[in-house]
Amino acid sequence: MIYSEIFFKLKPPFFCCFFVLLCPKQKKIMGQYHHRGIEQKWRQYWREKKTFIIDKNPSDKPKYYVLDMFPYPSGSGLHVGHPLGYIATDIIARYKRAKGFNVLHPMGFDAFGLPAEQYAIERGVHPAITTEENAKRYWEQMSLLGFSYDPDCVLRTSDKDYYKWTQWIFLQLFGHYYCNDTQQARPITELEQVFEAEGNQQINAATSAKDKFSAADWKNFTPQEKQSVLMQYRLAYHSFGYVNWCPALGTVLANDEVKDGKSERGGHPVERRKMPQWVLRITAYADRLLSGLNTVDFSESIKASQTNWIGKSEGGQIRYAIEGKSETLEIFTTRPDTIFGNTYMVIAPEHDLVETLTTPEQKTEVETYVKWAKNRSERERQSDTTKTGVFTGSYAIHPFSGEKLPVWIADYVLIGYGTGAIMAVPAHDERDYEFAGKFGLPVREVVQGGNIETEAYVAKDGILTNSDFINGMTVAKAIDTMLEAIEGRGIGKRQITYRMRDVIWSRQRYWGEPTPFKIKDGIYYPVNEDELPVELPEMEDFKPTGRPESPLIKATEWRHLPDGFERETNTMPGAAGSSWYFLRYFDRDNTMTFSEKKKSDYWMPVDLYLGGAEHAVGHLLYSRFWTKFLKDIGKVSVEEPYKKLVNQGMIQGTSAIAYRHKESNRFVSADLMNDTEKETLYSDIHMDVRWVRANVLDVEKFRKGTQNKDAEFTLNDKNEFRTDSVVEKMSKRYFNTVDPADVCEEYGADTLRIYEMFLGPLEMSKPWSTEGIEGVVRFLRRVYSWYVDDNEQLTLTEEPATKEELKSLHKLIKKISEDIEKLSFNTCVPAFMVFVKEMVENKSFKKEIMLPFLSVLAPFAPHLCEELNERTGGSSTILEVPFPDYDEAHLIEAEFEYPIQINGKVRTKILFSLTATQEEVESTLAADKEVSRWLEGKTPKKVIIVNKRIINVVV
RNA sequence: GCCGAAGUGGCGGAAUAGGUAGACGCGCAGGACUUAAAAUCCUGUUCACAGUAAUGUGAGUGUGGGUUCGAUUCCCACCUUCGGUACCA
């Protein structure tokens with residue numbers, strides 16, 4: 001096409017000479033690497049021959065399960081940042097397969113949930129349609145990169161054959177409680193039998209129940225009462241409590257979906273609101289989620305995030321009597337040693353005792369404060385930490401000194417943590433110190449070591465004072481002694497508290513799994529298993545209602561059942577489908593069970609799980625929790641779903657910033673002004689990165705691509721318009737996205753695969769830049785022309801390889817296999833480059849070398865290697881060609897050129913046999929001219945020889 | 001504040017059971033081919049100083065110390081950047 005354009009523009013005499021000149025070149029070009037034809041051909045081959053489809057039945061072959069976190073198919077399609085992890089896992093998958101493993105490498109779509117639904121609402125198109133379109137587009141984009149996903153595994157969490165089982169698992173959670181004695185989920189029917197026989201006094205279970213009852217009580221309960229008691233034990237339960245309500249999204253959100261008081265998605269403000277909700281009792285599994293971390297291979301930062309999120313803290317729960325009242329106040333503390341420094345009490349504004357404790361004199365003040373505090377948004381509360389509070393008028397009695405302690409209400413005490421009440425020890429807690437200072441409450445030092453005149457002393461280091469029977473003890477000893485004393489007097493107990501809350505599992509949104517329940521007379525009845533799935537009704541108007549209720553409420557026909565029952569209308573959160581999808585890939589079409597145990601016993605756990613660090617707490621905790629539960633009920637055998645987890649770094653975008661005058665439509669080249677001018681006189685405008693190369697804007701492309709046709713440009717003295725560049729998240733909104741399909745078209749999929757690996761370590765974040773991709777193009781071109789000459793003839797010869805050639809090859813095999821195992825893909829690329837360069841330079845065309853090389857390169861550049869494998873006579877796909885093993889025999893060296901250091905500085909190099917003795921080395925060194933020059937006549941004190949590394953002469 | 005990760009040429013980054021710092025690639029400079037350009041190939045490229053040059057000398061992996069024959073790698077203190085998290089008692 002390019003040539004023909006030139007032809008038309010040329011005048012006839014030119015035309016002829018150009019044509020003559022072109023001919024030999026044309027021929028040369030024919031013998032060059034053309035990625036388009038090759039890559040298309042092999043993609044088609046793989047598809048038609050079903051190369052990537054494997055038998056999912058258990059076999060004798062060792063298995064390897066390599067999994068990517070599946071994407072939610074957003075409307076913007078993939079950008080070059082997404083495939084980074086997919087390329088890495090594909091290399092692993094192809095490598096392991098060639099190493100003889102039975103490899104499962106699936107891909108699917110996390111299609112339900114908020115992002116997909118928001119996109120649909122913005123477009124005004126039904127989410128079922130947008131999801132379908134987007135998933136299709138993702139799949140096409142992924143196919144371009146040559147990923148070896150098994151097409152028979154592909155699943156969507158929004159398919160009813162899939163979400164049937166999401167609902168089924170939810171019902172199992174509903175049907176079980178957690179027994180703390182056996183540390184295991186048990187059927188709720190067992191619990192009913194116990195209640196029937198002996199009440200709940202002896203039950204040690206994970207529960208929100210506070211009240212104790214006897215067998216007789218149980219029998220007297222109404223059916224509603226019985227159900228509401230059981231709800232307090234179920235692992236999936238319905239409750240009424242404070243939740244994160246986001247009015248803009250029209251739904252409640254889980255704690256991990258709220259960041260800085262705003263919704264993670266969209267950044268809308270979030271309020272606290274009391275609402276009925278479905279909740280999962282993940283806290284029952286807190287300890288197992290924590291201890292399981294020691295058995296898996298996750299990065300330190302992920303383990304740390306999860307540990308922090310679970311937030312286990314050990315301490316004591318202490319009951320305080322209230323002066324003149326029968327009620328008691330329960331508090332939780334990790335510092336019972338400081339109890340003699342306790343000078344007042346604080347309860348949260350939402351605390352149950354607020355009303356009881358408020359005296360008539362304080363009533364108005366308390367009501368005003370509580371109302372103010374409750375209406376305060378999370379955001380305000382977090383950004384403004386100055387202490388506020390109000391006195392209730394009541395006093396608690398110190399359990400040891402008998403002192404009267406004023407009870408205050410303050411919003412620095414959170415209802416969601418511990419008991420929602422604290423014993424305030426201002427001398428040894430920063431928050432209490434600030435509060436006491438502000439409201440003139442006494443500060444009493446009980447641990448020596450700080451200066452409480454100026455600040456609270458919080459270190460757990462010092463000797464107890466002013467503390468009766470624990471005086472003179474260390475903090476650690478005092479904590480233990482005090483806990484003993486509390487238990488001894490029966491005023492409290494040792495207590496472990498978790499920061500992690502039970503997770504709210506209902507959303508007032510359309511695009512999710514319907515929660516499979518029917519309601520009648522206030523009782524929630526699970527839908528029968530044989531009625532699953534409860535299908536999501538098709539609705540024209542699926543938008544949020546704006547009220548705290550699901551849009552499904554409008555599906556009246558669907559909702560009202562003929563037998564007088566009403567369907568639950570809340571749907572499940574996006575995290576539901578992703579909590580177990582890894583169990584479905586290898587048994588996608590099973591209609592009898594969610595995942596056949598025989599198969600999961602073979603395939604689970606996932607050997608390598610790769611994905612973004614943003615799922616460090618949410619998805620990873622939920623899926624670990626579900627796996628543990630499914631193990632408890634005997635449906636899977638693994639305690640942990642992922643053996644090894646790696647987070648790939650983000651590929652950021654490099655945005656191009658142009659400056660437009662604030663008063664006019666004039667853009668000024670960035671090098672023509674200073675930073676102050678940029679800030680004060682100009683607005684930053686993101687330019688589409690496709691218009692910019694090396695910080696210079698192509699003004700013509702801008703004019704063609706923009707709506708802003710009247711823009712004027714002030715160029716610099718080189719007639720260029722320069723932009724500034726900023727590294728930030730790759731996103732449509734910043735016009736800095738790069739489509740992998742464009743890169744594939746221009747440079748090829750193999751090039752993109754290798755280039756993304758070459759950019760740097762997998763786990764590190766790095767900005768995208770196309771500068772440098774040429775190096776990879778040149779490399780692949782060189783590989784091609786090593787096998788195929790300018791006349792499209794194969795170069796390979798039958799001649800036996802030399803010792804040196806075999807050594808280089810086996811060094812490469814060793815390096816590549818070791819580095820792939822370490823996931824160090826970036827270091828593989830230079831090894832390939834050096835090897836090929838060496839072979840080409842030495843004009844080495846030995847089949848003995850070139851055939852194994854193809855297998856080694858194939859995981860990285862599958863299309864090219866398939867092509868060359870076929871041309872060199874390979875009969876099967878390269879996936880079936882075993883990855884070569886290296887042979888130590890080829891790697892043995894007889895001698896080594898040692899760098900010679902004199903006093904730690906390298907001065908020369910001398911070749912020694914690896915068997916040379918210390919004496920031989922020393923005498924050679926003594927005779928060496930260069931060495932003696934540096935010795936300046938002195939005798940060496942010591943000669944250190946490090947085998948195959950270095951020789952250091954110490955003078 | 002707390003937790004985690006990371007600081008190496010103009011740039012992306014190599015090298016850590018302590019052993020030649022800067023592999024490989026980009027960029028840049030020079031050269032070959034070409035009437036010319038593109039493409040391709042070759043050479044050089046950490047910095048400073050000296051020399052016409054080959055080369056030589058010194059410094060050098062965020063900063064300051066320490067251990068060692070030898071430190072990018074280990075130890076101590078600090079600085080900076082990024083990510084997570086935060087009134088969690």
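By convention in this document, chain letters (A, B, ...) are assigned in the order of the sequence lines, proteins followed by strands, and residues within each chain are numbered from 1. These values consider heavy atoms only, across backbone and side chains, with no hydrogens, waters or symmetry-generated copies.
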For A:Tyr755 and A:Tyr747, I'd like to know if the aromatic rings sit close, meaning centre-to-centre distance below 6.0 Å. no
For A:Met833 and B:G13, give me the distance from atom CE to atom P, rounded to whole Å. 15 Å
Using both distances under 3.5 Å as the test, list the Watson-Crick or G-U wobble partner of B:U63, or none. B:A77
State, without any angle test, whether A:Thr795 and A:Asp789 hold a side-chain donor-acceptor pair at a distance under 3.5 Å. no
A:Arg501 CZ to B:U85 P, straight-line distance once rounded to whole Å: 17 Å
Verify, without hydrogens or angle tests, whether A:Tyr344 (side chain) and A:Trp408 (backbone) share a donor-acceptor contact under 3.5 angstrom. no
Taking every heavy atom of A:Thr385 against every heavy atom of A:Glu434, the minimum-distance pair comes out as O-OE2, 3.9 Å
When you get a sec, tell me which of B:C69, B:U20, B:G12 is the closest nucleotide to the side chain of A:Lys909? B:U20
Quick one: is A:Asn952 getting a side-chain N or O under 4.0 Å of the B:G19 phosphate, OP1 or OP2? no
For B:G25, which nucleotide in any strand shown is its Watson-Crick or wobble partner with both distances under 3.5 Å? B:C11
Check every strand shown and say whether A:Pro767 touches a base, only sugar-phosphate, or nothing at a heavy-atom separation below 4.0 Å. nothing
Between A:Val946 and A:Ala421, who's closer to the 5' end of RNA chain B by nearest nucleotide? A:Val946
Is the distance from OP1 or OP2 of B:U40 to the nearest side-chain N or O of A:Arg781 less than 4.0 Å? yes
From C-beta outward on A:Val906, which listed nucleotide comes closest to its side chain: B:A21, B:G25, B:A14? B:A21
What is the distance, rounded to the nearest whole Å, between atom NZ of A:Lys438 and atom P of B:C87? 17 Å
Please report the C-alpha distance between A:Lys374 and A:Asp411 in whole Å, then the side-chain angles of each, then the deciding distance to 0.1 Å, and finally whether the salt bridge (Lys or Arg N to Asp or Glu O under 4.0 Å) criterion is met. CA-CA 9 Å; A:Lys374 279 185 181 172; A:Asp411 71 351; over 6 Å; no
So what's B:C33 paired with, Watson-Crick or G-U wobble, going by both distances under 3.5 Å? none
Are A:His398 and A:Phe340, when compared by the centres of their aromatic rings, separated by less than 6.0 Å? yes
Using a cut-off of strictly less than 4.0 Å, decide whether A:Lys905 has a side-chain nitrogen or oxygen near OP1 or OP2 of B:A21. no
Across all strands shown, which nucleotide pairs with B:A50 by Watson-Crick or G-U wobble geometry, both distances under 3.5 Å? B:U55
State which of B:A5, B:C88, B:U20 makes the closest approach to the side chain of A:Arg431. B:C88
Inter-nucleotide P distance (B:G19, B:C3), Å rounded: 30 Å
Regarding A:Asn826, tell me which of base, sugar-phosphate or nothing describes its non-hydrogen contacts under 4.0 Å with the strands shown. sugar-phosphate
Taking the same atom, C1', in B:G30 and in B:U57, what whole-Å distance lies between them? 26 Å
Donor-acceptor pair present, A:Lys941 side chain and B:C69 base, under 3.5 Å: no
To the nearest Å, give me how far apart CD (A:Glu763) and C1' (B:G4) are. 13 Å
Using a heavy-atom cut-off of 4.0 Å across all strands, would you classify A:Lys303 as base, sugar-phosphate, or nothing? nothing
Does the plane of the ring in A:Phe860 sit parallel, tilted or perpendicular to the ring in A:Phe825? Use 30° and 60° as the thresholds. perpendicular
Under 4.0 Å between any heavy atoms, over every strand shown, what does A:Val413 touch: base, sugar-phosphate, or nothing? Just pick one. base
Just to be sure I understand the rule, does A:Thr333 reach a base, reach only the sugar-phosphate, or reach nothing, if contact means heavy atoms closer than 4.0 Å? sugar-phosphate
Using the C1' atom in both, what is the distance from B:A71 to B:G65, to the nearest Å? 14 Å
Is there a side-chain contact between A:Ser313 and the phosphate of B:A89, meaning an N or O under 4.0 Å from OP1 or OP2? yes
If I pick the C1' atom on B:A6 and the same atom on B:A17, what distance separates them, to the nearest angstrom? 23 Å
Nearest-nucleotide comparison on RNA chain B, the residue closer to the 5′ end among A:Ile773 and A:Arg782: A:Ile773
Among B:U85, B:G12, B:U20, which nucleotide has an atom closest to any side-chain atom of A:Pro899? B:U20
Hey, can you tell me if A:Phe439 and A:Phe435 have their rings parallel, tilted or perpendicular (30° and 60° cut-offs)? tilted
Atom CE of A:Met757 to atom P of B:G12: distance rounded to whole Å? 18 Å
What's the closest nucleotide to the side chain of A:Glu841 if the choices are B:C42, B:U85, B:C24? B:C42
Answer for the Watson-Crick or wobble partner of B:U20, both distances under 3.5 Å, is none
Counting only side-chain heavy atoms from C-beta out, which of B:A14, B:A89, B:G12 sits nearest to A:Leu759? B:G12
Checking contacts here: which listed nucleotide (B:C24, B:G4, B:G19) is nearest the side-chain heavy atoms of A:Ile950? B:G19
B:C11 to B:U67 separation - P atoms, rounded to the nearest Å: 34 Å
Is A:Arg907 touching bases, backbone alone, or none of the nucleic acid, heavy atoms closer than 4.0 Å? sugar-phosphate
Would you please indicate yes or no on a ring centroid separation below 6.0 angstrom for A:Tyr33 and A:Trp786? no
Has A:Arg778 got a side-chain N or O lying under 4.0 Å from the OP1 or OP2 atom of B:U40? yes
Paired nucleotide for B:U85 [Watson-Crick or G-U wobble; both distances under 3.5 Å]: B:G1
Can you tell me the base-pairing partner of B:U72? Count Watson-Crick or G-U wobble geometry only, both distances below 3.5 Å, and say none if there is no partner. none
From B:G84, B:A89, B:C24, nucleotide with atom closest to A:Leu414 side chain: B:A89
Heavy atoms under 4.0 Å, any strand shown: does A:Ile422 hit a base, just sugar-phosphate, or nothing? base
Between B:U57, B:U85, B:A15, spot the one nearest the side chain of A:Trp934, thanks. B:U57
